[in-house]
Amino acid sequence: MEIKITFPDGKEQSYPAGVTPRQIAEGIGPGLAKAALAAQVDGLNVDLDVPINKDAALRLLTFKDPEGRDIYRHSSSHIMAQAVLRLYPKALLAIGPAIEDGFYYDIEFPEPITPEALPAIEKEMEKIIKEDIVFKRRELPRDEAIRFFADAGNKFKVELIRELPDDAVVSIYHQGEFADLCRGPHIPSTKHLKAFKLTGLAGAYWRGDEKREMLTRIYGTSFADPKELKEHLALIEEAKKRDHRALGKELDLFSFHGEGPGFPFFHHNGLVLYNQLISFCRAELYKRGYMEIKTPIILNEELWHRSGHWDHYRDNMYFTDIDEKAYAVKPMNCPGGLLIYRSRLHSYREFPIKVAEFGQVHRHEKSGVLHGLFRVRTFTQDDAHVFCLPEQLEDEIGKLVELILYFYKVFGFEDVRIELSTRPESSIGSDEMWDRATRALQNTLEKMKIAHKINPGDGAFYGPKIDFHIRDCLKRTWQCATIQVDFSMPERFDLTYVGEDGKEHRPVMIHRAIFGSLERFLGILIEHYAGNFPLWLAPVQAAVLPISEKHFGWAEEVRKKLEEAGIRAATNLSDEKITRKVRTAEMQKIPAMLIVGDKEMESRSAAVRRHGAGDLGAKPLEQIISDMLKEIAEKRIKP
RNA sequence: GCUGGUGUAGCUCAAUGGUAGAGCAGCCGCCUUGUAAGCGGCAGGUUAUAGGUUCGAUUCCCAUCACCAGCUCCA
């Protein structure tokens with residue numbers, strides 16, 4: 001009997017029934033046969049040697065496919081587990097999935113192990129790879145699987161299987177002496193693992209529950225090509241070097257103090273950056289018809305009951321008393337903004353009303369999660385609320401999406417991923433409202449042909465949202481912007497507008513932030529640029545470096561001219577040699593150095609040196625200033 | 001919050017059961033400098049905080065605080 005196989009490109013071909021994906025791959029070419037790790041048959045991931053008995057759509061998965069990558073890394077974790085059991089026969093395996101960029105396995109060791117144990121495990125893995133052990137799938141009824149793992153003394157696997165339905169068929173993968181509970185599929189054999197590295201050791205709780213066993217998690221990563229592995233490890237090294245906490249100290253941007261854990265202190269240089277972000281943002285918003293407001297940080301607790309925050313966000317809030325009345329420190333800006341909306345009547349003719357607020361919020365974060373500027377207890381949101389008619393909703397969302405993508409481009413973030421989050425368990429509002437709001441977001445994305453992932457149950461308590469994740473130059477992703485559609489707050493705060501019919505109606509409101517948190521965005525920028533900020537952002541844009549004392553006068557004049565033109569400049573009037581001054585300025589990552597000596601003083605010029613680029617020769621001061629102003633105005637990322 | 005680790009000069013790091021040392025930075029001199037470190041000197045520390053063991057603690061033990069890694073959570 002013949003069956004028809006449909007390939008991803010739409011081509012069809014006939015094969016005898018019972019053909020395996022591996023045979024099909026071999027028929028297509030030796031390159032593909034070698035690269036194929038597993039297959040997807042009618043959307044289901046399977047091993048390469050599973051016969052296909054009916055017409056089906058087939059995708060051969062290689063390391064280039066996200067699914068193939070996961071399978072490869074999951075198999076890597078099995079190989080690691082096998083190595084661990086050879087070295088520590090009494091260790092108990094818990095779970096070992098593939099994750100972004102790698103894999104891990106949670107293991108209970110009879111004796112704690114240290115990172116020094118990793119090289120030995122890696123060596124054993126090499127051996128297993130050389131042995132070229134085949135991954136074999138075996139299916140068995142739930143009861144038998146429980147017995148199998150109970151006999152092996154593995155309470156973790158037994159617990160996992162017990163949670164499956166009674167009639168579930170459980171699969172176990174064997175590779176030599178090693179067997180593990182696993183849905184699969186896997187790479188054909190251990191020798192397909194070409195490049196791996198164990199990257200770390202950490203504690204992790206069984207099932208993420210701090211009341212349960214503490215397991216040892218071994219992290220690793222693997223790639224199909226040793227070169228890729230090397231590049232990946234280099235990126236991690238580079239990320240360590242760019243740590244914004246260290247750069248923040250070195251460049252005198254911000255600090256943290258025991259007197260206020262999680263509360264950042266901005267130094268002058270850091271505040272220049274922060275203010276640049278705000279000025280840029282403000283200018284763009286004013287061009288687009290936004291208004292700007294500022295609301296108080298502490299407001300009566302009653303307000304937070306009305307908004308629903310008390311019910312749904314209390315654990316993250318700070319409270320205080322004023323004149324024996326209960327107050328709360330705002331964790332979000334919206335309720336304050338709503339009070340302003342209510343302060344006068346609104347007409348449908350005003351819509352959409354766009355109101356921005358650079359609002360400082362405080363959120364109580366658990367002490368263990370604080371992390372430099374990435375995770376703090378007070379931060380400034382570039383918040384805005386758009387009030388509009390229901391029929392304007394999708395248009396307004398579309399404009400926001402465009403605005404957000406435009407912003408990211410300015411900073412050089414071109415790779416942006418979008419996720420749509422739906423109603424969480426703890427939430428307010430009717431199903432119908434949630435439905436309409438979610439549909440509005442989804443429709444807009446679809447109209448704009450923007451690919452997006454869906455995160456069920458991840459929305460805000462008052463509405464669904466789309467989040468924007470940017471990828472930095474080290475390929476890490478960060479959640480920044482968010483657009484949230486909210487029918488609930490307008491109702492809770494009884495917001496109205498007078499419609500064409502002269503009657504009162506309920507507006508819709510959109511919450512949105514672009515940077516998300518200015519503090520966190522700044523942290524991302526510091527690491528993205530490695531502290532080498534584009535000229536328009538740099539705290540000090542030009543360092544004027546006189547060769548000797550004779551040139552101090554001209555140097556000061558140059559500095560004044562720069563400052564008059566609005567360029568942030570500093571002179572180095574120390575009695576150090578010029579080489580030393582250059583070194584100091586280079587280490588401070590100042591983008592432009594203007595060196596002045598006899599020649600330059602004579603011709604009213606300066607020798608330009610750009611950070612990391614060496615001497616670029618002398619230019620008249622006027623030209624230097626106009627060149628710099630142009631670069632600043634264009635917000636060029638590189639000179 | 002939980003698990004583990006760390007805490008010595010502004011920074012990076014040494015050392016020791018008998019009250020601490022270097023480099024860089026800082027300050028003071030000398031040099032008057034041409035594109036990533038000129039030379040010399042000085043100063044700088046209740047060894048995170050509070051207890052305990054000890055003749056004696058910075059070192060050992062306990063608690064607290066902060067930080068780091070991870071878990072959980074998140075802008």
Side-chain angles (χ1 to χ4, degrees), chain A residues 104 106 112 114-115 199-219 240 243 245-246 249-250 252 255-262 313 315-316 331-333 359 361 363-383 458 460 465 467-469 478-482 484 511 513-524 543 545-552 574-588 593-600 606-618:
Chain A
Y104 67 79
D106 282 347
T114 64
T199 50
L201 207 58
Y205 300 100
W206 171 232
R207 320 210 87 175
D209 182 346
E210 66 189 49
K211 291 185 190 66
R212 306 207 55 185
E213 293 90 333
M214 167 67 73
L215 308 170
T216 302
R217 175 170 299 179
I218 306 179
Y219 282 98
K240 274 188 208 148
D243 192 320
R245 293 168 298 184
K249 216 178 252 179
E250 281 162 30
D252 198 16
S255 56
F256 286 91
H257 303 272
E259 287 81 353
Y313 213 75
D315 291 347
N316 281 298
M332 294 188 195
N333 302 303
V361 297
R363 296 183 184 176
H364 179 74
E365 300 289 351
K366 291 180 183 172
S367 58
V369 305
L370 302 174
H371 185 94
L373 292 179
F374 288 159
R375 198 70 184 276
V376 289
R377 283 178 170 158
T378 182
F379 57 97
T380 310
Q381 291 182 309
D382 60 322
D383 210 344
D458 238 11
K465 57 176 186 173
D467 292 322
F468 293 69
H469 299 249
W478 306 96
Q479 189 191 319
C480 293
T482 182
Q484 308 171 346
H511 309 241
I514 303 178
F515 297 131
S517 145
L518 284 163
E519 285 76 0
R520 166 199 260 245
F521 195 77
L522 187 53
I524 295 167
L545 312 178
I547 301 274
S548 81
E549 217 170 326
K550 283 188 298 195
H551 315 113
F552 282 11
S574 71
D575 57 0
E576 299 293 348
K577 288 205 180 1
I578 190 65
T579 50
R580 180 70 175 233
K581 293 182 186 176
V582 166
R583 178 180 144 87
T584 306
E586 286 283 358
M587 294 211 303
Q588 292 175 143
M593 285 151 275
L594 304 182
I595 290 140
V596 295
D598 286 338
K599 284 177 284 179
E600 291 78 13
V608 179
R609 177 187 170 107
R610 292 300 299 253
H611 174 65
D615 189 2
L616 302 175

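Hydrogens, waters and symmetry mates are skipped; everything else that's a heavy atom, side chains included, is used. Per chain, numbering begins at 1; letters A, B, ... match sequence-line order.
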- Message: What verdict does the side chain to side chain contact (heavy atoms under 4.5 Å, CB included) test give for A/Ile578 and A/Ile595, after you've listed the backbone C-alpha separation in whole Å, the side-chain angles of each residue and the deciding distance to 0.1 Å?
- Response: CA-CA 8 Å; A/Ile578 190 65; A/Ile595 290 140; 4.0 Å; yes
- Message: For A/Glu549 and A/Asp575: C-alpha separation, side-chain torsions, deciding distance, then whether side chain to side chain contact (heavy atoms under 4.5 Å, CB included) applies.
- Response: CA-CA 7 Å; A/Glu549 217 170 326; A/Asp575 57 0; 5.9 Å; no
- Item | Check against side chain to side chain contact (heavy atoms under 4.5 Å, CB included), A/Arg217 and A/Leu201 | CA-CA 6 Å; A/Arg217 175 170 299 179; A/Leu201 207 58; over 6 Å; no
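Atom P of nucleotide B/G26 and atom CG of A/Asp252 are separated by 13 Å, given to the nearest angstrom. Across the protein-nucleic acid pair, A/Met587 atom CE and B/A36 atom P stand 13 Å apart, rounded to whole Å. Put simply, CZ on A/Phe552 is 14 Å from P on B/G34, counting in whole angstrom units. The separation between A/Glu259 atom CD and B/U49 atom C1' is 12 Å, rounded to whole Å. Computed from coordinates, the A/Arg245 CZ to B/C11 P distance equals 16 Å when rounded to whole Å.
Residue whose closest nucleotide on RNA chain B sits further toward the 5' end, between A/Ser367 and A/Val596: A/Ser367.
Taking the P atoms as reference points, B/C11 lies 15 Å from B/A25, given to the whole Å. Comparing the same atom, C1', in B/C30 and in B/C68 gives a spacing of 44 Å after rounding to whole Å. Taking atom P in both B/U58 and B/C39, one finds a spacing of 38 Å when rounded to whole Å. Between B/C65 and B/G51, the two C1' atoms lie 15 Å apart (nearest whole Å). Going from the C1' atom of B/G38 to that of B/U59 covers 41 Å, rounded to whole Å. Using atom P as the reference point in both B/C73 and B/U46, the two lie 43 Å apart (nearest Å). Going from the P atom of B/A15 to that of B/C60 covers 13 Å, rounded to whole Å. Remark: the separation of the P atoms in B/C71 and B/U35 is 50 Å, to the nearest Å.
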- Query: What string of B, S and - do you get for nucleotides 70-75 of chain B, 5' to 3', when a contact is any protein heavy atom under 4.0 Å?
  - Reply: BBBBBB
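A donor-acceptor contact closer than 3.5 angstrom is absent between the side chains of A/Ser517 and A/Gln381. Counting only N and O atoms by type, the side chains of A/Asp315 and A/His364 include no donor and acceptor under 3.5 Å apart.
At least one side-chain heavy atom of A/Val582 sits under 4.5 Å from a side-chain heavy atom of A/Leu545. The closest side-chain heavy-atom distance from A/Arg363 to A/Met332 is below 4.5 Å.
Using a 4.0 Å heavy-atom distance criterion, A/Ala513 is classed as making no nucleic acid contact.
Taking both residues in full, the closest heavy atoms of A/Phe256 and A/Gly262 are given as CE2-C, 4.0 Å, listed atom of the first, atom of the second, then distance. Pairing each heavy atom of A/Gly597 with each of A/Glu600, the nearest pair is N-OE1, 2.9 Å. Nearest heavy atom pair, residue A/Asp382 against residue A/Ile514, reads OD2-N, 2.9 Å. Smallest separation of non-hydrogen atoms from A/Gly359 and A/Asn333: CA-OD1, 3.4 Å.
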- Message: Reading 5' to 3' and counting Watson-Crick or G-U wobble pairs with both distances under 3.5 Å, write the dot-bracket notation for RNA chain B, | for bases paired outside the strand.
- Response: (((((((..((((....[..)))).(((((.......))))).....((.((..]....)).)))))))))....
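When ring centroids are compared, A/Trp478 and A/Phe374 come within the 6.0 Å threshold.
In this view, A/Tyr313 satisfies the ring pair (Phe, Tyr, Trp, His ring centres under 6.0 Å) rule with no residue, not counting sequence neighbours.
Considering only the side chain of A/Arg580, B/A37 comes nearest among B/A37, B/C67, B/U12. Out of B/U12, B/U35, B/A36, the shortest distance to the side chain of A/Lys249 is found at B/U12.
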Atom pairs and distances, side-chain donor-acceptor, residues 608-618 of chain A, under 3.5 Å, sequence neighbours left out:
| from | atom 1 | to | atom 2 | distance (Å) |
| --- | --- | --- | --- | --- |
| A/Arg609 | NE | A/Glu586 | OE2 | 2.7 |
| A/Arg609 | NH2 | A/Glu586 | OE2 | 3.0 |
| A/Arg610 | NE | A/Pro591 | O | 3.0 |
| A/Arg610 | NH1 | A/Glu631 | OE1 | 3.0 |
| A/Arg610 | NH2 | A/Glu631 | OE2 | 3.1 |
| A/His611 | ND1 | A/Glu586 | OE1 | 2.8 |
| A/His611 | NE2 | A/Asn532 | OD1 | 2.8 |
| A/Asp615 | OD1 | A/Gly617 | N | 2.9 |

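A salt bridge does not link A/Asp209 with A/Arg207: none of the charged nitrogens is closer than 4.0 Å to a carboxylate oxygen.
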Sort me out a list of protein N/O and nucleotides 43-46 of chain B N/O pairs below 3.5 Å, or just none if empty.
none

Every protein N/O lying under 3.5 Å from an N/O of nucleotides 30-33 of chain B:
| from | atom 1 | to | atom 2 | distance (Å) |
| --- | --- | --- | --- | --- |
| B/C31 | N4 | A/Asp575 | OD2 | 2.7 |
| B/U32 | N3 | A/Glu549 | OE1 | 3.3 |
| B/U32 | O4 | A/Glu549 | OE1 | 3.4 |
| B/U33 | O2' | A/Ile578 | N | 3.4 |
| B/U33 | O2 | A/Lys577 | NZ | 3.0 |
| B/U33 | N3 | A/Asp575 | O | 3.3 |
| B/U33 | O4 | A/Asp575 | O | 2.9 |

